[in-house]
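First up is the structure itself, then whatever we jot down about it.
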Amino acid sequence: MTKPHNFSAGPGILPEEVLKQASQACINFDNMNLSLLEISHRSKNYEAVIEESQSIIKELFEVGNDYEVLYLGGGASLQFAMVPYNLLRENGTAAYVNTGVWASKAIKEAKIIGNTNVIASSEDKNFNYIPKGYAIPTNADYLHITSNNTIYGTQLKQFPKSPIPLVCDMSSDIFSRKINANDFTLIYAGAQKNMGPAGSTMVMVKKDALGKTGRKLLSMLDYQVHIKGGSMYNTPPVFPIYVTLLTLKWLKQNGGVAWIEKINQQKADLLYNEIDRNSLFFGTTTVEDRSNMNACFLTNKPELEPEFDKLWKEANISGIRGHRDVGGYRASMYNALPLASVQVLVDTMKEFEKKFA
Ligand SMILES: *Cc1c(COP(=O)(O)O)cnc(C)c1O
């Protein structure tokens, strides 16, 4: 059987050639006749990996040297704590927009560290839309938003014009579309959704925003310590960083973010058009806030779910079961997913309608 059409929500699909290069590096990295897994992170061969992976992030984001790039452990979830710990002043307040489970978890950590103000939320409708038109308090230390809500399938199409430092969790749509990264003070993303494997989290931060909290920081939780150590204060997640670098090089070589944004739009249009056309399916979110990365949909005949499940499994589709908080189906269409895989899913939905409508 050939490789399934992989719609996994995360860890998500990676390009085939990246997986091949990564497996090669496990045996013989950089013609050293040593595995990448058994060499010093301080070797010059690996230092080149860290440096290139930092510079490719800046290049793709089109930012200058006022930003630093780090690769840290602990997942995006550790950033829920590190962000307020490093940016929220002792007597300051942080503003948060609550758009789902991940944002709620970020808010929970911030509340432990200091004053937190949830200025907008879509919890009233099970997070099926993006709140808009809220006022941003100008005296808060920062505004935290989530660009794409992986579980509910909503995405910020327009970022708020923020008078205060803007912090964004981009875990599930980083490098999926053009953004103006210079509008952000800090961007973080767990790699395993759209830029690499699990195990490393990218943090890009404006240097001049740091060191202002009045708090004495634990070393491992201090961005400045990691910056000073060149993202190697301690042993970094060497292999996840390498695979992330390969994935970003794949993106760049094929035409970069502008190239993938077009394809991601084609994939999303193809699937959402079918969800809207097909008499047996409907989308779960507000149309204008639909995510191009994670499309959530239900069938209006839930008793037929086992039949649809049979069909998509026969079509060699994998990973479209919905999150337990939403139910139904979720098709994640990350950068590495080919348009052809979405076409297979759409054909399967059509077949389902033909048989059962
Ligand atoms: C998956 C996800 C997280 C959590 O990431 P971990 O690396 O598992 O901690 C946070 N935010 C968003 C938007 C996510 O999709």
Side-chain angles (χ1 to χ4, degrees), residues 6-14 70-85 94 96-110 112 118 120-123 126-131 142-157 159 166-177 179 184 186-204 220-221 236-237 239-241 243-244 247 264 284-285 289-296 319-326 330-337:
N6 184 4
F7 290 87
S8 168
I13 183 169
L14 290 169
L70 300 171
Y71 286 95
L72 305 175
S77 299
L78 182 60
Q79 296 314 308
F80 298 161
M82 279 180 82
V83 163
Y85 190 62
Y96 278 73
V97 178
N98 187 4
T99 50
V101 162
W102 300 120
S104 305
K105 287 187 168 171
I107 291 164
K108 182 179 169 213
E109 301 304 299
I112 293 170
V118 179
S121 169
S122 50
E123 198 172 6
N126 197 29
F127 301 114
N128 75 355
Y129 71 102
I130 298 288
Y142 63 86
L143 170 64
H144 180 285
I145 54 174
T146 310
S147 57
N148 184 71
N149 300 285
T150 327
I151 292 173
Y152 306 91
T154 59
Q155 186 174 34
L156 244 82
K157 301 296 172 179
F159 291 101
L166 190 57
V167 174
C168 189
D169 175 358
M170 287 192 191
S171 295
S172 53
D173 69 351
I174 187 163
F175 299 133
S176 69
R177 55 176 169 165
I179 62 157
F184 296 82
L186 190 148
I187 292 170
Y188 65 93
Q192 72 273 20
K193 306 282 174 32
N194 203 33
M195 66 186 290
S200 84
T201 304
M202 192 286 302
V203 177
M204 188 176 80
M220 272 299 282
L221 300 180
F239 192 62
I241 293 171
V243 183
T244 299
T247 310
N264 287 336
T284 60
T285 72
D289 301 323
R290 281 174 165 175
S291 166
N292 282 8
M293 295 281 98
N294 316 94
C296 295
I320 64 162
R321 270 253 149 255
H323 188 276
R324 58 186 181 277
D325 289 356
V326 181
R330 170 174 54 172
S332 297
M333 300 175 281
Y334 295 127
N335 285 356
L337 184 84

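We count ligands from 1, going down the list as the structure has it; atoms in each ligand are counted the same way.
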For Thr150, take its heavy atoms, then give the atoms of ligand 1 lying under 4.0 Å from any of them.
13 (C), 14 (C), 15 (O)

At under 4.0 Å between heavy atoms, what of Lys105 touches ligand 1? The answer is neither

When rounded to the nearest 0.5 angstrom, what distance separates CZ in Phe175 from OG1 in Thr247?
11.5 Å

How far apart are the C-alpha atoms of Thr154 and Asn149, what are their side-chain angles, what is the distance that settles it, and do they pass the side chain to side chain donor-acceptor pair (under 3.5 Å) test?
CA-CA 5 Å; Thr154 59; Asn149 300 285; 3.0 Å; yes

Closest to atom 2 (C) of ligand 1 among protein heavy atoms sits Lys193 NZ, 2.6 Å

Hey, is ligand 1 close enough to Thr146 that some N/O pair sits below 3.5 Å?
no

Do you know the tightest heavy-atom contact between Gln155 and Asn292?
OE1-N, 3.0 Å

Please determine if Ala76 has a nitrogen or oxygen closer than 3.5 Å to a nitrogen or oxygen of ligand 1.
yes

For ligand 1, which atoms sit closer than 4.0 Å to a heavy atom of Asn148?
13 (C)

Looking at atom 4 (C) of ligand 1, what's its closest protein heavy atom, distance included?
Trp102 CZ3, 3.5 Å

Atoms of ligand 1 close to Phe80 [distance to a heavy atom under 4.0 angstrom, numbered from 1]
10 (C)

Looking only at non-hydrogen atoms, the one of Ser332, Ala9, Ser77 nearest atom 9 (O) of ligand 1 is Ser77

For ligand 1, which atoms, with element, lie under 4.0 Å from some heavy atom of Gly75?
7 (O), 9 (O)

Side-chain donor-acceptor pair under 3.5 Å between Asn148 and Asn294, yes or no?
yes

Non-hydrogen atoms of Ala9 and Thr150 that approach each other most closely:
O-CG2, 4.2 Å

Hey, can you tell me if Tyr188 and His144 have their rings parallel, tilted or perpendicular (30° and 60° cut-offs)?
tilted

If we number the atoms of ligand 1 from 1 as shown, the ones under 4.0 Å from a heavy atom of Gln192 are 5 (O), 6 (P), 7 (O), 8 (O)

Closest to atom 13 (C) of ligand 1 by heavy-atom distance, out of Asp169, Asn294, Thr99, is Asp169

Just say parallel, tilted or perpendicular for the rings of Tyr96 and Tyr142, cut-offs at 30° and 60°.
perpendicular

For Asn264 and Ser176, what are the C-alpha separation, side-chain angles and deciding distance, and is it a side chain to side chain donor-acceptor pair (under 3.5 Å)?
CA-CA 7 Å; Asn264 287 336; Ser176 69; 4.7 Å; no

